[in-house]
2 protein chains.
Amino acid sequence: MYTEAVPAPEAPPGDGVRRAGDPEAATATSRRDRVYALLREEVLSGRIAPRVRLGEVRLAELFGVSRTPVREALARLHSDGLVERRENGFYATVPNLAELRDLYELRVTLELRGISRAMEDPSVRHDPGVLRAELERWEKLRADVPGPDPSFVLLDEEFHAAVSRASGNRALTDSLVSVNRRIRRVRMYDFLTADRITSTVTEHIGITEHLLAGELDSAYRAMHEHVGASMEVVLERARRALTQMALHSDAL
Amino acid sequence: MYTEAVPAPEAPPGDGVRRAGDPEAATATSRRDRVYALLREEVLSGRIAPRVRLGEVRLAELFGVSRTPVREALARLHSDGLVERRENGFYATVPNLAELRDLYELRVTLELRGISRAMEDPSVRHDPGVLRAELERWEKLRADVPGPDPSFVLLDEEFHAAVSRASGNRALTDSLVSVNRRIRRVRMYDFLTADRITSTVTEHIGITEHLLAGELDSAYRAMHEHVGASMEVVLERARRALTQMALHSDAL
DNA sequence: GGCACCGCCTCTGTATACATCGGTGTGTCC
DNA sequence: GGACACACCGATGTATACAGAGGCGGTGCC
C-alpha cells in the first residue's frame, strides 16, 4: 500500500501523486472539497516529496478538474500549514528536526491537558462512552495484533483524538488533531516494528482503563510516558533519516 | 439590497464593512492576500456581525476585485476557523460561551507551557532580547497609561506572542497567536475600563521581570493569575452580552 | 381566499480566457 | 569565447463566462 511512501530523498519518476479512484474519492461533495481531501492525503502520507512542486495545472490535470478547485484546495492546505509557499509555488511542508521537536512538545502539552483538566476541575468527567468504545477497539487489536504498518498511525491518531474528545474541550481536540496531522508523515516511522505496535496497543489500553477508573494521576503519567516514548523513537528515526539523506543527497 | 443584513445590536448603519484605503490596505501584495487580510480584520474586529452573509459577489464589489480572490480568501479564513459554512454561504464565526471557555482554556495551556518548558528543560532559556524589548514597551506604557480602548487588545496579543516567542517553540507560539486571534473579538471587551488597562500593564511588566530574573516559578504563577483574571472579566462580559442580546433580540 | 405550482433570479461551483511575470535559452555583439 | 539582451514559454494571478441549484414571488386553480 504505502510501498514507496518512505522516501528515498524523493518521489519515483512518475507524477508523484496517486490517481483518483481511491477510498476517500467518493464524489459526494464538491470538487473543491474532494481535491482538498485527496491532496491533503497525498501530502500527509508522504507520497508527495517536499521537493515536488505542486503546480496548479499539473494537479488540475491529475485530478481531472480545472485549476479553480485546485487553487482553493492549495489555499486551504496553506492555512493548515501542510503546504508552504517557496520561490515560485507550493510545496509539501516537511518539518525539520527542530520543528518536529517543537510540534511534538506541543502535542504532549495538548494531550496532557486533556487529562489534567479533569484533575483541576472535578466537574469535568471524561466521557465514559467514548472511552469504552476505544477500550473495546484496542482490546480487539490486542487479541490480534497487526503487523508493522505505517498506516497504523491513523489508528493511533484516532485513539488520541478520542481521548482528547472525551475530555470535553473541542478547541483542544481540534488543535491536537491538527498537530498530529502535521507530524503524521514522520510519526509513521514509529510503527515499522512489531514491538512498537505491541507497546502502543498495551499503553493505549492502560491509559483508557486508568481514565475509566478515574485514576487521573496514573492516566496522566501513562500518557506522558506513552507519548514520550513515541517521541524518542520518532526523533531518533528522523535524525537517522536526515543523516541518510545528507549522505545520499546527490548534489542537492 | 442587504439592508436588513446588519443586525440591531451592533455595527453602524453603513454597509458593515470598512472601505479600502485603511492602513493595511497597502497594495504591495496580491489581491488574494489583500482581500484575505482585509476580510480577516473585518471579521476579527467584529465589524462584521455573525448574521451577515459573506456573499462572494457583494464582497467582490466591495473590495473592487473579482470573485476569484474573494473565494480564496474565504477558503483560507475557513481553514483558520474564522468563518464558518452555514446553510448557503459563509458567516463570521463567533464563539458561544462554551466555546469561548474552551478557547480560553487552550490559551492558558499554551501560555503556561511557554513558561514551564523552561522549568522542565534547563537548556531552554527565554530570549532576553525579546523580553527586554517588551519590558521597555510596557514600561513606557506604564509611564503614560492609555485610556480604555478595545484596540488595546492588539498590544496585549503582541505581548503574549512575544513572551511565547521568547520561549523558543515556534509551533507553540503560532498556535497561541491563532487562538488569541479567535477570541480577540470578545477579548476586546476586557479593555473597556481604565483599571483593566492599568492592571494589564502592571502584570505584563511583572511577568517580564520575573522571566528576565529567571524566576520561572513566579513568572508562571503571575501568568496564571494574569490570564485567569482576564478570563473572568471576559467571560462575565460575554455572559452579560449574550443576555442582553437575548433580551433585545427581535424575534430572531 | 388560500394553497400549490411554475418560473425567474441570484447565488455558488466550475471552467476557461486573458494578463503578467519570471525563467530560460539562444543569438548576437563585443 | 563570454556576456548581455531579447524573445519565447510556461507558470501563476485575475477576470469572466457558463451551469446547476435553491429561494422567492407571482399567478392560477381549487
Side-chain angles (χ1 to χ4, degrees), chain A residues 15-17 20 24-40 43 48-79 82-93 251-252, chain B residues 1-6 15-17 20 25-40 43 48 50-79 82-93 251-252:
Chain A
D15 45 50
V17 172
E24 59 274 68
T27 67
T29 58
S30 66
R31 303 189 184 185
R32 158 172 56 181
D33 293 339
R34 189 163 49 91
V35 170
Y36 170 73
L38 288 171
L39 197 50
R40 193 176 73 175
V43 169
I48 294 183
R51 285 172 58 182
V52 174
R53 179 191 156 83
L54 299 171
E56 296 173 8
V57 282
R58 188 174 63 93
L59 295 174
E61 289 169 10
L62 196 59
F63 291 117
V65 299
S66 79
R67 282 172 52 212
T68 310
V70 172
R71 283 178 69 79
E72 294 184 30
L74 285 172
R76 290 171 65 185
L77 290 171
H78 185 47
S79 266
L82 299 177
V83 304
E84 60 192 17
R85 240 203 152 61
R86 246 157 41 201
E87 45 229 55
N88 40 0
F90 285 108
Y91 295 81
T93 297
L252 190 149
Chain B
M1 192 172 179
Y2 285 91
T3 46
E4 39 48 85
V6 179
D15 45 49
V17 171
T27 68
T29 57
S30 66
R31 303 187 183 187
R32 159 171 57 183
D33 293 339
R34 190 162 50 92
V35 170
Y36 170 73
L38 286 171
L39 197 50
R40 193 174 74 175
V43 170
I48 294 184
R51 286 172 56 184
V52 174
R53 179 190 157 80
L54 299 171
E56 296 173 6
V57 281
R58 188 175 62 95
L59 294 175
E61 289 170 10
L62 195 59
F63 291 117
V65 300
S66 79
R67 282 172 52 213
T68 310
V70 172
R71 284 180 69 79
E72 293 182 32
L74 286 172
R76 292 170 64 185
L77 289 171
H78 185 47
S79 266
L82 299 179
V83 303
E84 60 192 17
R85 240 202 151 63
R86 249 159 36 202
E87 44 229 58
N88 40 359
F90 286 108
Y91 295 82
T93 297
L252 190 143

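Residue numbers begin at 1 in each chain, while the letters A, B, ... track the order of the sequences.
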Answer yes or no for B:Arg53 and B:Phe90: cation-pi contact, defined as NZ/CZ to six-membered ring centre under 6.0 Å and angle to ring axis within 45°. no
Taking the side chain as every heavy atom from C-beta outward, state whether B:Leu82 and B:Thr93 have any atom pair closer than 4.5 Å. no
Results of side chain to side chain donor-acceptor pair (under 3.5 Å) for B:Arg71 - residues two or more places apart only: A:Glu72, B:Glu56
Check whether any side-chain N or O of B:Arg53 sits under 4.0 Å from OP1 or OP2 of C:dT12, and answer yes or no. yes
Is there a side-chain contact (heavy atoms from CB on, under 4.5 Å) between B:Leu74 and B:Val35 once you walk through the steps? CA-CA 9 Å; B:Leu74 286 172; B:Val35 170; over 6 Å; no
Kindly indicate whether the side chain of B:Tyr91, heavy atoms from C-beta on, has any atom under 4.5 Å from the side chain of B:Leu54. no
Does a side-chain heavy-atom distance below 4.5 Å link B:Ile48 with B:Leu39? yes
Could you check whether A:Arg34 makes a cation-pi contact with A:Phe63, meaning its NZ or CZ is under 6.0 Å from the centre of the six-membered ring and within 45° of the ring axis? no
Take atom CZ of B:Arg86 and atom P of C:dT12, then tell me their distance rounded to the nearest Å. 14 Å
Is a salt bridge present between B:Asp33 and A:Arg85, judged by a nitrogen-to-oxygen distance below 4.0 Å? no
So B:Gly89, base contact, sugar-phosphate only, or nothing? Heavy-atom distance under 4.0 Å. nothing
Of all of residues 64-78 of chain A, which get a heavy atom below 4.0 angstrom from DNA chain C, listed by number? A:Val65, A:Ser66, A:Arg67, A:Thr68, A:Pro69
Under 4.0 Å from any heavy atom of chain B: name the first and the last nucleotide of DNA chain D that qualifies, 5' to 3'. D:dG13 to D:dA17
